[in-house]
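One structure is given here, and the rest of the page talks about it.
All values below come from the heavy atoms of this structure, side chains included, with hydrogens, waters and symmetry mates left out.
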Amino acid sequence: MAAAAASVVAEAEGEEVTNRQVILKRYVNGCPTVDDMEVVAGAVRLAVPPGSAAVLVKNLYLSCDPYMRTRMTRHSETSNFVPDYVPGKVLDNCSVCKVVLSGHPDFKPGDLLWGVTGWEEYSLIPNPVFCHRINHQEFPLSYYTGVLGVPGLTAYAGLFEVAKAKKGESVFVSAAAGAVGQIVGQLAKLTGCYVVGSAGSDQKVNLLKTKFGFDDAFNYKKELDLNAALKRCLPHGIDVYFENVGGAMLDAVLRNMRHRGRIAVCGQVSQYNLERPDGVDLFQLVGKHIRMEGFLVSEYAGDYSRFEEEMARYLKEGKVVCVEDVAEGIEAAPAALVGLFAGRNVGKQVVAVARE
């Protein structure tokens, strides 16, 4: 099969083909809209620079992630942990892709990889040092944008390395039905924790309780008093909070943390579209000796191989399951990304560019 694919590529090498791309039209203030992006018809030549270690890949699945919103606003040099997108340029993020042509000794045509590529049909990667081979093709390839990719590693590292969750503790997860939250809750349950999650619809709350095995969950949009909701679901307080939303939820959580509780700050999606962030009473950290720590998943890249094998085992044994929301075609990418901030997705949001 791989030999046949290589033969077809060799016959077409050097040909110029259409390469549809998603570009940022302008910097964004407030909530992003589909009109802030545009799908344009670019072109790419099926070739890699002679003598280079570059690879040309065909993108199969694109990952939609809330952090992408932070890159759509212009920041000072030091204020953002990843580079801002540039108006008129192609967006980029993690994807699953197939090698078309390669000048790199470790990769050959037909190889399946995951890593950072452009939001486009084909990407030329000059130095594929951050591309990873897909080792478990028995699972859907799209899993490498989620449970077996960066979101899964984020859940794993945040829960165990940052928050140090232990058997018998109470864990609360916000945005719990999302790509990261659903994995955090299941890993915490496997550890022997009591797990509660919040989500933005009754459908998602039902998923948390029935599919992901959370002990309890609530629809934060229906709660008039978040502090009361947390006291109802976690009457003895919270040992570990996996923070995904910020704002009013974080404020309520702080009032319900137990002595020497830990908070792993993964994201604050409620704040990304605000010009002025909501204030939070961080003085709660003092009296209760709470540890609150932000983290970047890139710091735990060295743990990926161990994580991948452990997560693959959980998936095979049915101990972890995942839910994906797949949008079809690159034209659907802008709407899929914008939909994250309205809670339209159920599970990990993925864009299927090509299924092969």
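For Ser142, the side-chain hydrogen bond (donor to acceptor under 3.5 Å, both in side chains) partners two or more places apart in sequence, or in a different chain, are Glu324. Residues passing the side-chain hydrogen bond (donor to acceptor under 3.5 Å, both in side chains) test with Asn59 are Ser95, Thr117, Ser123, sequence neighbours excluded. Under the side chain to side chain contact (heavy atoms under 4.5 Å, CB included) criterion, Ser298 pairs with Leu296, not counting sequence neighbours. For Ala352, the side chain to side chain contact (heavy atoms under 4.5 Å, CB included) partners at least two apart in sequence or on another chain are Tyr61, Val326, Glu328, Arg355. For Pro105, there are no side chain to side chain contact (heavy atoms under 4.5 Å, CB included) partners at least two apart in sequence or on another chain. Considering only residues two or more places apart in sequence or on other chains, Lys222 meets the side-chain hydrogen bond (donor to acceptor under 3.5 Å, both in side chains) condition with Asp202. Taking the side chain to side chain contact (heavy atoms under 4.5 Å, CB included) definition, one finds that Thr33 meets it with Asp35, Asp36, sequence neighbours left out. The ring pair (Phe, Tyr, Trp, His ring centres under 6.0 Å) test applied to His236 returns no partner, not counting sequence neighbours. For Arg313, there are no side-chain hydrogen bond (donor to acceptor under 3.5 Å, both in side chains) partners at least two apart in sequence or on another chain. Residues that satisfy the ring pair (Phe, Tyr, Trp, His ring centres under 6.0 Å) test with Tyr304, not counting sequence neighbours, are Trp114, His132, Phe307.
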Intermediate values then yes/no, side chain to side chain donor-acceptor pair (under 3.5 Å), Asn93 and Tyr67: CA-CA 10 Å; Asn93 196 27; Tyr67 94 97; 2.8 Å; yes
Side chain to side chain contact (heavy atoms under 4.5 Å, CB included) between Val338 and Met37, intermediate numbers included: CA-CA 10 Å; Val338 169; Met37 293 164 274; 3.8 Å; yes
Steps toward side chain to side chain contact (heavy atoms under 4.5 Å, CB included) verdict (Arg69, Val28): CA-CA 8 Å; Arg69 170 61 186 86; Val28 176; 3.8 Å; yes
Stepwise side chain to side chain contact (heavy atoms under 4.5 Å, CB included) test for Val171 and Asp239: CA-CA 6 Å; Val171 175; Asp239 294 297; over 6 Å; no
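Counting heavy-atom neighbours within 6.0 Å of Lys25 NZ, excluding the residue itself, gives a total above 12. With a 6.0 Å radius and a threshold of 12 heavy atoms from other residues, nucleotides or ligands, Lys316 has its NZ atom above the threshold. Atom CZ of Phe130 has 12 or fewer neighbouring heavy atoms from other residues, nucleotides or ligands inside a 6.0 Å radius. Within 6.0 Å of CZ in Arg74 there are 12 or fewer heavy atoms belonging to other residues, nucleotides or ligands.
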Which pairs of donor and acceptor atoms, one on a side chain in residues 157-164, lie under 3.5 Å apart (sequence neighbours left out)?
from   : atom 1 : to     : atom 2 : distance (Å)
Lys164 : NZ     : Glu161 : O      : 3.3

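Taken together through direct or relayed side-chain contacts under 4.5 Å among Ile, Leu, Val, Met, Phe, Trp and Tyr, Val297 and Met68 form parts of separate hydrophobic clusters. Follow the hydrophobic side-chain contacts under 4.5 Å out from Leu124 and you reach Leu46 in the same cluster. Linking Ile, Leu, Val, Met, Phe, Trp and Tyr whenever their side-chain heavy atoms come within less than 4.5 Å leaves Val346 and Phe341 in two separate clusters.
Glu308 and Tyr144 share a donor-acceptor pair across their side chains, judged by distance under 3.5 Å alone. A donor-acceptor contact closer than 3.5 angstrom links the side chains of Ser174 and Tyr241. Using a 3.5 Å distance cut-off with no hydrogens or angles, the side chains of Arg45 and Tyr122 do not pair a donor with an acceptor.
Electrostatic pairing of Asp216 and Arg232 does not count as a salt bridge here, judged by no charged N lying under 4.0 Å from a carboxylate O. Taking 4.0 Å as the cut-off between side-chain N and carboxylate O, Lys348 and Asp65 count as a salt-bridged pair. One finds a salt bridge joining Lys189 and Asp215 here, because a Lys/Arg side-chain nitrogen approaches an Asp/Glu carboxylate oxygen to under 4.0 Å.
Considering all non-hydrogen atoms of both residues, Ala155 and Phe242 come closest at O-CE1, 4.0 Å. Between Gly197 and Phe172, the closest heavy-atom pair is C-CE1, 3.9 Å. When all heavy atoms of Ala312 and Phe139 are compared, the closest pair comes out as O-CZ, 3.6 Å.
Between Val173 and Asn244 there is a side-chain heavy-atom pair separated by less than 4.5 Å. Counting only heavy atoms from C-beta outward, the side chains of Val100 and Val57 never approach each other to under 4.5 Å. Looking at Ile263 and Met257, their side chains come closer than 4.5 Å, going by heavy atoms from C-beta outward. Ser201 is not listed as a side-chain neighbour of Lys221, based on a closest heavy-atom distance of 4.5 Å or more. The closest side-chain heavy-atom distance from Val351 to Cys64 is below 4.5 Å. A heavy-atom distance below 4.5 Å is found between the side chains of Leu234 and Tyr194. Side chains of Lys211 and Gln182 form no contact here, defined as non-hydrogen atoms less than 4.5 Å apart. Put simply, the side chain of Met311 reaches to within 4.5 Å of the side chain of Val320, judged on heavy atoms.
With Lys231 as reference, Asn256 is the one residue of Asn256, Asp225, Leu226 to meet the side chain to side chain contact (heavy atoms under 4.5 Å, CB included) rule.
Residues in residues 258-269 take part in these side-chain hydrogen bond (donor to acceptor under 3.5 Å, both in side chains) pairs, two or more places apart or across chains: Glu169-Arg262, Glu243-Gln268.
Counting only distance, with no hydrogens or angles, the side chain of Arg255 and the backbone of Asn227 share no donor-acceptor pair below 3.5 Å. Under a 3.5 Å cut-off, the side chain of Gln186 and the backbone N or O of Phe212 do not form any donor-acceptor pair. Of the possible polar contacts, none joining the Arg133 side chain to the Phe107 backbone as a donor-acceptor pair under 3.5 Å is found. Looking only at distances, a side-chain donor or acceptor of Tyr85 sits under 3.5 Å from a matching main-chain atom of Asp92. Side-chain atoms of Asn19 come within 3.5 Å of backbone atoms of Glu121 as a donor-acceptor pair (strictly under, hydrogens ignored).
Taken to the nearest 0.5 Å, the NE2 atom of His104 stands 11.5 Å off from the CG atom of Asp111.
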